[in-house]
Amino acid sequence: MPHIEVKKISIELPVFEVKARSLRRELAAIGRRNAIAAQDGKVTVQALSDVSFSLRRGERLGLIGQNGAGKTTLLRALAGIYRPTSGTIIRAGRTVPLLDITLGLDDNSTGRQNIRLRGLFMGLPRQWVAEHEAEISAFSELGDYLDMPVRTYSSGMRMRLAFSIAMSVQADILLLDEVLGVGDSAFQAKAKARLREVAGRAGIVVLALHSSAAIMELCDKALWLQAGSVRMIGKCHDVVREYDNFMHHRLAA
Amino acid sequence: MMRAASVGNGLQDLYHGLGSFRLWTLLGWLDIRQRYARSMLGPFWITLSMGVMVGSMGVVYGTLFGQKMAQYLPMVGDGFVIWGLISGILNESCGAYINNANYIRQNNAGLWVYVFQVAWRQALMFAHNAVISLALMLAFGFPSLTVAWLALPGLLLLVANLVWMGQIFAILSARYRDVPQMVAAVVQIFFYVTPLMWRPDMLHHYRWILTYNPFGALVDISRSPLLGAAPSAQSWLVAAGMAVVGWPLAVFIASKKLHLIAYWV
């Protein structure tokens with residue numbers, strides 16, 4: 001049974017200056033190991049601090065917050081790509097991340113070859129490609145383009161391919177980052193229907209979206225991140241209303 | 001489930017990486033395909049450029065050293081082909097994580113995959129270069145099979161050693177961007193001090209260069225059988241010893257640092 005339990009996680013992202021990355025600096029600092037020398041040029045950004053929440057089957061969580069609030073970092077942590085600096089994440093179920101449509105596709109391979117590549121990255125068996133290729137082809141509406149290299153695709157077409165692949169996996173936990181922004185309105189409607197269906201078959205969906213309307217439409221729960229901390233979590237309508245009020249006041253000010 | 005770093009988990013990561021062989025063989029092959037896309041000779045450019053190098057260097061140095069070409073050319077040829085594998089894996093492992101940042105930040109496929117990808121890519125290039133070894137055998141005679149088969153375990157042990165070094169270089173390079181340059185410089189030095197263009201018995205002074213050069217042993221176990229000579233037992237011991245010490249070291253470092261790679265690339 002899929003569930004996610006996030007307990008007081010914090011993530012510090014190291015940001016390296018070009019100079020700070022060099023071995024020379026590090027070696028030069030050996031002799032004078034003090035707090036300043038060790039920190040020399042290396043800046044850490046507190047991307048998330050003390051974030052806790054839990055999700056059960058069938059829940060659809062929307063992440064909202066301004067740019068840089070930590071939405072993508074949180075999704076990467078949920079995907080197991082970033083290990084939190086402190087705190088724990090307990091996650092059960094097959095997790096499929098779709099975090100950036102421009103990443104994770106090989107530009108020089110065809111759409112069809114990319115289906116295989118993505119399948120292997122997600123640790124799916126060989127038969128999976130054979131079983132789902134037709135379905136992905138139909139859902140993405142790419143037609144003959146599926147046999148063209150991905151570098152010839154428009155961003156909307158890339159998104160359709162990446163999204164269709166992610167949707168065809170029997171995912172228990174689906175993590176999406178702002179991917180619905182691309183693609184025409186017809187595909188967006190289809191994609192939203194598909195997302196509900198995935199959540200409907202007892203899965204968990206976590207998605208980051210800028211549009212309040214889309215969050216209201218797709219999610220039943222929302223988490224408002226501000227500067228890496230949870231500002232508010234709860235029923236989708238309540239959180240989105242508060243967030244919109246807040247943004248409105250900021251605009252007015 | 002997030003786990004605390006431990007050596008047990010390090011072994012699990014390694015096992016998981018080995019199990020994803022369909023992924024890293026595909027990624028390695030895609031690299032080759034992309035590099036030689038739309039060129040007429042394709043990957044056989046690897047063979048051609050190596051062949052020209054072996055031919056020209058072999059003739060020049062063979063003459064300089066006053067060697068018989070029938071013995072000298074196969075020695076240099078097989079030596080260069082094997083060194084191509086050594087320098088290829090060591091140098092390109094440095095970019096294993098740096099160059100795959102886009103995959104690493106999108107997937108949680110385990111990080112050994114990218115080190116194996118480099119090794120596989122280089123193994124494919126080695127296979128293309130092996131044509132040169134074959135051509136040299138056709139021209140100058142085949143070694144007897146009773147010895148030649150020893151090249152197989154020799155090559156396997158060689159690659160096993162290169163992969164653990166590759167993992168360590170990959171991690172260091174992701175954190176310190178000077179390491180790729182450093183590795184390139186050191187590998188270049190070893191090219192000259194390893195008996196590739198010269199025979200060990202041609203070195204009258206400074207024997208310690210041989211004694212303390214681990215690549216001498218690695219080249220001995222993989223090349224000597226191709227030339228019809230059994231590698232020395234000492235070379236096998238040194239090579240095996242390196243693997244026995246190196247692998248636990250690489251797995252240990254990986255268990256401590258792999259979770260930071262996503263932050264570093």
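For B:L260, no part lies near chain A; criterion is any non-hydrogen pair under 4.5 Å. Contacts of A:E5 with chain B are absent, with no heavy-atom separation under 4.5 Å from either backbone or side chain. Looking at B:R33, only its side chain comes within 4.5 Å of chain A, counting heavy atoms on both sides. Proximity to chain B is absent for every atom of A:I4, based on heavy atoms less than 4.5 angstrom apart. Of the atoms belonging to A:L75, not a single heavy atom falls under 4.5 Å from chain B.
Shown are A:L78, A:T73, A:L74; of these, the side-chain contact (heavy atoms from CB on, under 4.5 Å) with A:I9 is made only by A:L74. Under the ring pair (Phe, Tyr, Trp, His ring centres under 6.0 Å) test applied with B:H128, the options B:Y36, B:W45, B:F44 reduce to a single match, B:F44.
Most heavy-atom pairs under 4.5 Å with chain B, from the set A:I11, A:D177, A:V96, A:L13: that is A:I11.
The aromatic ring centroids of B:W83 and B:F215 lie less than 6.0 Å from each other. Between B:Y103 and A:F121, the ring centre distance stays below 6.0 Å.
A heavy-atom distance below 4.5 Å is not found between the side chains of A:Y82 and A:L48.
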